[in-house]
Trainee: 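Supplied in structure tokens, the structure appears directly below.
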Amino acid sequence: MIRMTEPSKITAQSIPDHQPAAGGIAARARASVGPKYLSGLNPEQREAVETLDGPVLVLAGAGTGKTRVLTTRIAHILSQGRARPSEILSVTFTNKAAREMKHRLGLMLGHAVEGMPWLGTFHSIGGRILRTHAELAQLKSNFTVLDVDDQVRLLKQLLQAENIDDKRWPARMLAGLIDGWKNRGLMPSQVPPGEAAVFGNGKGGKLYASYQERLKILNAADFGDLLLEDIRIFREHPDILRQYQQRFKYILVDEYQDTNVAQYLWLRLLSQAPSSFTSPRVRGEVASRRDAGEGDSPSTELLETAPHPDPLPVKDGEREKSPHTKNICCVGDDDQSIYGWRGAEVDNILRFDHDFPGAKVIRLERNYRSTGHILAAASHLIAHNEGRLGKTLRTEDQDGEKVTVTGSWDSEEEARGIGEEIEQLQRQGEKLNEIAILVRASYQMREFEDRFVTLGLPYRVIGGPRFYERAEIRDALAYLRVINSPADDLAFERIVNVPKRGLGDATVQMLHDHARKRRIPLFEAARAVVETDELKPKARGSLRDVVAQFDRWRAQREITAHTDLAQIVLDESGYTEMWQKDRSADAAGRLENLKELVRSMEEFENLQGFLEHISLVMDRDGGAEDDAVSLMTLHSAKGLEFDNVFLPGWEEGLFPSQRTLDEQGRAGLEEERRLGHVGLTRARRRAKIYFATNRRIHGTWSTTIPSRFLDELPAANVEITESKGGSAWGGTGGYGASRFDDMEAFGSSYTTPGWQRAQANRSQANRNRGQATGQGRDGGGFEEAASSFSSSSSSPDFGSFSSRRRGPLTIEGELVAKSTGTTSEFSLSDRVFHQKFGYGRVTKVDGNKLTIAFDKAGEKKVVDSFVQRA
DNA sequence: TCCTATTCTTGAATT
DNA sequence: AAGAATAGGA
């Protein structure tokens, strides 16, 4: 709990005696040696750290020490006395990244960084600013941050009020549109009329406006508002903007390529500096204020400077130049921009020096992660993109192993092959923690999971639905929200009938009418209605109990710790019981999550504080303590690294994703390619790519074509290998003259205008081929291949081929081979529980291999160590 | 109010 | 093919 108010406390070794006037001289005198924290940096990194004045863009390629530069830069600013911790604004996208920075800063400075109040995510900082000036956005400072569920529920009500068929115009779609507008910094009045009209027969714009009104009434904001309302406040109140501009002497932005327009505008407003604001002045400021204590009041001198005109909303392709920008440092990599689909504007990074004139651009191109072959492959691939700033990653590491490309007959063989390679790596002494499988689409994971369960290979899935998005967490939060603010209608509505209390739609509708007539919150309406005869006795009694319970909990709140209160609420409401009674596979996990939620409340002082931050901060960190293979999407792999990376599913349609191509055209293709680049650059020593000839897409088997990206890999760095999962190609390697056969026609045609349609036709043709009996395969290769699968006989057509895949996904021979011979502690018809498949009954015992009929998941073969007695 | 039948949808997933 | 989400009927 050390607050870093005294720069001299920062660290004994690295920070000189703090004489502001002499600080520069001292620094210069030391320049040849430099402070300790600079010593390990290469020249470019060092330049990025030491260029403190003016806008800086650091183009940090994968594995070039981006986070290190950011944290060292902060340390440098502090140690040079350029600013105090509270005067540095440092934004990231994810809580994880923010935590990581805090952690590393702590290591560098020698203690916890409690004194960096403005290091956080865009949304947490935006929210913090909004809470400070909430009244200017017609909100109270304790406003609720809505989750997507609440948002959709609210929009549904609005659609109903407008008599719009929410079948034809789903609330989710509107939520998406509004989110998109907010990402682009557009208030309701600024939405281009044409766009606003596309929803609900021209009512889109009006709905957006009334949604905003409703939010104010509910004292709520959505994620977009946390930035958008800030922007509006900054524009309408130049004095407030000026306060922040003066407070933030230095701005640092992580992952700049992922910023959307709203974030860009927000940053630019904050980064405009009053013109007399020069660095020597800053130093003086710090010095004089240090004696004055924490006070942040700006000097009169600075206030005299007229503010610069607000930036205009971004017009198409036209951005206003901001004449005076202060010390903003954005770090990013245009080649790793993979979030265009959720509003990120690669343009922000591509146009940085236009937006921030006089910007210094520093390229970090020395890669410290991957071997030569991997880096060459990744660089060669990404070089096919046109819209990029251009970097050439290089390494001093050895060439290492070539990137492998392996073809399989189908996705199951692919999974089997990868499973075997992993076991082999394991035998060679590789840590499972250093092995990752990166897929394009999450549905690819299932096959691997099935395979790993069969093999008894520990794995962990990273990503997926977020912790606080889970139904049980949101339910629990809704209870707490109603206790905290009785006017939270959305929360109340969510839980009135959870667990079931016989308060269905009819009752809720009635409450709504009542509430609207009297202009009171739902909860108060409930309290009133209970006193009348308007409800049936059963519902009435039930509702009365609910009201009484909440009254009691609210009274208890004063005298009970908030964690205890949460536990009491969950128990007394019957919510815990509801899940205890539930026999479905994930009930146990849900109860565990609830426990975790209560536990996580301890970090907050009280209920209020907890609720304010929960929607912004809640994420679960998977326990990384066990040695396990990581399984995740390419997207969630960004920022991570592993010794061994497996990249399955490099097929046209899947990767690059057909849908991206259809929707985004060339830009989409480039984003997919960047995704490939991200995938390859995650690998330190081994990168292994796979493609399958047949894959089941939405239930039907299709023949697929190797990804065009395979042809874009440099031959010199790539080795084509045999699938180890059984030779699918009759042992010939079967790739024909061109390395990836069909690719030749493709590689040359995809740049022409007609390529998209050709693409669509082709995959359509494939689908048809796959469905027609016996047509989808070439020659007899399949039969031979099939005979090596024990779970499938030589099925003559794809129809039975697919049905053959059901049931136990197991290869008998391997199971026997793996069997340890020890007898299992389980016996026939034992009731067991499995982490993933839930409850089931043992139907067969074979050594330590059990066949279990799961209640939900069907029959599976699993290793006994994966189940416990139910 | 609950249960069943039908329809829809199936890319990534922060805050 | 399968799961979720809805609508409609008992």
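Quantities reported herein were computed from a predicted structural model and do not represent experimental measurements. Numbered from 1 within each chain, the chains take letters A, B, ... in sequence-line order.
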Trainee: If a pair means Watson-Crick or G-U wobble with both distances below 3.5 Å, what does DNA chain B look like in dot-bracket form, with | marking bases paired to a different strand?
Mentor: ||||||||||.....
Trainee: Below 3.5 Å between N/O atoms, which protein atoms pair up with nucleotides 5-9 of chain C? Just atom names and distances, please.
Mentor:
residue: C:dT6; atom: OP1; partner: A:Lys156; partner atom: NZ; Å: 3.4

Trainee: Report the residues that fulfil side-chain contact (heavy atoms from CB on, under 4.5 Å) with A:Arg540, sequence neighbours left out, ordered by chain and then residue number.
Mentor: A:Asp533, A:Leu535, A:Arg544
Trainee: Counting only side-chain N and O atoms of A:Asn95, is one of them less than 4.0 Å from OP1 or OP2 of B:dT15?
Mentor: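 Yes, A:Asn95 has a side-chain N/O under 4.0 Å of OP1/OP2 on B:dT15.
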Trainee: Looking only at the side chains, is there a donor atom on one of A:Ser707 and A:Glu651 sitting less than 3.5 Å from an acceptor on the other?
Mentor: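 No, because no side-chain N or O of A:Ser707 sits under 3.5 Å from a partner of the opposite role on A:Glu651.
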Trainee: Is A:His123 stacked on the base of B:dT14 when the test is centres under 5.5 angstrom and planes under 30 degrees?
Mentor: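 No, aromatic ring not over the base.
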Trainee: A:Gly126 near the nucleic acid: base, sugar-phosphate alone, or nothing, with a heavy-atom cut-off under 4.0 Å?
Mentor: nothing
Trainee: Kindly state whether the ring of A:Phe199 and the ring of A:Trp169 have centres lying under 6.0 angstrom apart.
Mentor: yes
Trainee: Quick one: salt bridge (charged side-chain N to carboxylate O under 4.0 Å, His left out) partners of A:Glu493, sequence neighbours excluded?
Mentor: none
Trainee: Below 4.0 angstrom from OP1 or OP2 of C:dA1, is there any side-chain N or O of A:Thr700?
Mentor: no
Trainee: Closest approach to the side chain of A:Lys500, judged atom by atom: which nucleotide of B:dA12, B:dC2, B:dT15 is it?
Mentor: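 In terms of side-chain proximity for A:Lys500, the closest of B:dA12, B:dC2, B:dT15 is B:dC2.
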Trainee: To the nearest angstrom, how far is A:Leu228 atom CG from B:dT15 atom P?
Mentor: 20 Å
Trainee: Could you state the atom-to-atom distance from CZ of A:Arg696 to C1' of B:dT10 in whole Å?
Mentor: 14 Å
Trainee: Roughly how many Å apart are C:dG3 and B:dT14, using the P atom of each and rounding to a whole number?
Mentor: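 Roughly 23 Å separates the two P atoms.
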Trainee: Within the stacking criterion (centroid distance below 5.5 Å, interplanar angle below 30°), does A:Tyr339 stack on B:dA12?
Mentor: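 No; centroid distance or tilt outside limits.
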Trainee: Going by atom types only, do A:Tyr264 and A:Asp347 share a side-chain donor-acceptor pair under 3.5 Å?
Mentor: no
Trainee: Regarding A:Asn219 and A:Asn142, do their side chains bring together a donor and an acceptor under 3.5 Å, going by distance alone?
Mentor: yes
Trainee: What is the distance, rounded to the nearest whole Å, between atom CG of A:Asp149 and atom C1' of B:dT15?
Mentor: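 That distance rounds to 15 Å.
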Trainee: Can you find a side-chain donor-acceptor pair between A:Trp266 and A:Asp230 that sits under 3.5 Å?
Mentor: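 A pair is found: one side chain offers a donor N or O, the other an acceptor, under 3.5 Å apart.
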Trainee: Using a cut-off of 4.0 Å on non-hydrogen atoms, how would the nucleic acid contact of A:Tyr443 be classed: base, sugar-phosphate, or nothing?
Mentor: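 Since only primed, P, OP1 and OP2 atoms lie under 4.0 Å of A:Tyr443, the category is sugar-phosphate.
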Trainee: Using a 4.0 Å heavy-atom cut-off, does A:Leu503 contact any base of the nucleic acid, only the sugar-phosphate backbone, or nothing at all?
Mentor: sugar-phosphate
Trainee: Which residues pass the side-chain hydrogen bond (donor to acceptor under 3.5 Å, both in side chains) test with A:Asp254, sequence neighbours left out?
Mentor: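 Listed in chain order: A:Lys66.
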Trainee: Any side-chain N or O of A:Ser657 less than 4.0 Å from the OP1 or OP2 oxygen of B:dA12?
Mentor: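 Answer is no, no contact under 4.0 Å.
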Trainee: Measure from the side-chain heavy atoms of A:Phe223 and tell me the nearest of C:dA1, B:dT15, B:dA12.
Mentor: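 Closest of the options to the side chain of A:Phe223: B:dT15.
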Trainee: Taking the inter-plane angle between the rings of A:Tyr339 and A:His635 on a 0 to 90° scale, is it parallel (under 30°), tilted (30 to 60°) or perpendicular (over 60°)?
Mentor: tilted
Trainee: Counting side-chain heavy atoms from CB outward, which of C:dA1, B:dA13, B:dA12 is closest to A:Ser636?
Mentor: B:dA13
Trainee: For A:Trp341 and B:dT10, give me the distance from atom CH2 to atom P, rounded to whole Å.
Mentor: 13 Å
Trainee: Select from A:Gly224 and A:Lys538 the residue whose nearest nucleotide in DNA chain B is closer to the 5' end of that strand.
Mentor: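 Here A:Lys538 is the residue nearer the 5' end.
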Trainee: Would you kindly give the CD-to-C1' distance between A:Gln257 and B:dT14, to the nearest whole Å?
Mentor: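 That distance rounds to 13 Å.
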Trainee: Identify, with sequence neighbours excluded, every residue that meets side-chain hydrogen bond (donor to acceptor under 3.5 Å, both in side chains) alongside A:Thr259.
Mentor: A:Asn348
Trainee: What's the closest nucleotide to the side chain of A:His635 if the choices are B:dT15, B:dA12, B:dT10?
Mentor: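 Nearest to the side chain of A:His635 among the choices is B:dA12.
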Trainee: Could you give the CE-to-P distance, from A:Met510 to B:dT1, as a whole number of Å?
Mentor: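 One finds 13 Å between P of B:dT1 and CE of A:Met510, rounded.
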Trainee: Taking it one step at a time, do A:Asp179 and A:Lys182 satisfy salt bridge (charged side-chain N to carboxylate O under 4.0 Å, His left out)?
Mentor: CA-CA 5 Å; A:Asp179 204 49; A:Lys182 288 187 173 178; over 6 Å; no
Trainee: Mind calculating the distance between CZ (A:Arg659) and C1' (B:dT10) to the nearest angstrom?
Mentor: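 One finds 8 Å between C1' of B:dT10 and CZ of A:Arg659, rounded.
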Trainee: Can you tell me the distance, in whole Å, between the CD atom of A:Gln658 and the P atom of B:dT9?
Mentor: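 That distance rounds to 19 Å.
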